[in-house]
Amino acid sequence: MQTFSVTINNDANAKLFLNLMKQLKFVKAITVETKVDKLRDDDWIKPGRPATDEELEQLCIEMEADKGEIDSKVFFKQLKEKYKK
C-alpha cells in the first residue's frame, strides 16, 4: 500500500480533486488533513488559529513557573503597545 500527500491551492480545486479520487476503484481511503503550524512566542494572541493541546499545556507550565507579578492594567497596556497596528 502507498500513501502520499497532495497540497491543493484552494478549497474548490481540492473538492474537485477529491471527487475524482473517490471515483477510482483502486483508491482505498481518502483522508483530508489541514496542516497547522505551531505558534511562535509572538503568536499567542493572534485570532483565527486555535492553539494545539501541546501549546496550551506548555503555556500553562510557563504560567505556573512565572513568579513575577504584574498589574493587569500594566499588562494590557504592554500588550497593546506590542501589537499595535
Side-chain angles (χ1 to χ4, degrees):
M1 181 186 314
Q2 293 288 325
T3 302
F4 66 95
S5 174
V6 176
T7 302
I8 309 237
N9 60 351
N10 65 49
D11 290 343
N13 289 344
K15 187 175 180 180
L16 289 170
F17 179 78
L18 288 174
N19 286 335
L20 172 68
M21 298 308 301
K22 288 176 183 177
Q23 293 176 21
L24 300 174
K25 292 181 181 179
F26 58 85
V27 173
K28 299 295 179 199
I30 295 175
T31 304
V32 178
E33 296 178 8
T34 303
K35 181 181 177 187
V36 177
D37 295 327
K38 288 199 172 214
L39 291 175
R40 297 172 304 185
D41 288 343
D42 293 340
D43 291 339
W44 283 107
I45 64 164
K46 286 188 177 178
R49 180 194 173 282
T52 64
D53 289 342
E54 293 83 11
E55 290 165 342
L56 290 174
E57 181 66 27
Q58 183 62 35
L59 177 61
C60 291
I61 291 168
E62 290 176 14
M63 290 173 66
E64 289 172 355
D66 185 15
K67 300 297 180 199
E69 294 183 19
I70 185 169
D71 183 83
S72 63
K73 290 180 184 179
V74 173
F75 171 77
F76 286 111
K77 182 179 178 183
Q78 290 174 351
L79 197 61
K80 286 179 184 178
E81 287 295 315
K82 185 175 182 178
Y83 293 99
K84 273 195 233 182
K85 285 191 174 189

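Along the sequence shown, residues are numbered consecutively beginning with 1. In this text, all values refer to a predicted model and were calculated from it rather than measured experimentally.
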Query raised in the report: So, Q58 versus E62: side-chain donor-acceptor pair below 3.5 Å or not?
Result: yes
Query raised in the report: With the 4.5 Å side-chain cut-off for hydrophobic clustering, are L18 and L24 part of the same group?
Result: yes
Report task. Hey, could you give me the CG/NZ distance between D11 and K15, rounded to the nearest 0.5 Å? Result -> 10.0 Å
**Report entry** Value rounded to 0.5 Å, distance of CD in Q78 from OH in Y83
**Finding:** 12.0 Å
Query - Nearest-0.5 Å distance that lies between atom CG in L16 and atom CE in M21 - result: 13.0 Å
Requested in this report: Over all heavy atoms of both residues, which pair between N13 and N10 is shortest? Give the atoms and the distance, please.
Outcome: N-OD1, 2.7 Å
Report task. Would you give the length of the straight line joining atom CG of L79 to atom NZ of K77, rounded to the nearest 0.5 angstrom? Result -> 13.0 Å
Report task. Flag yes if L20 and I8 sit in one hydrophobic cluster, no otherwise; membership is Ile, Leu, Val, Met, Phe, Trp, Tyr, and two members link when side-chain heavy atoms are under 4.5 Å apart. Result -> no
Query raised in the report: Is there a path from F76 to V74 through hydrophobic residues (I, L, V, M, F, W, Y) whose side chains come within less than 4.5 Å of each other?
Result: yes
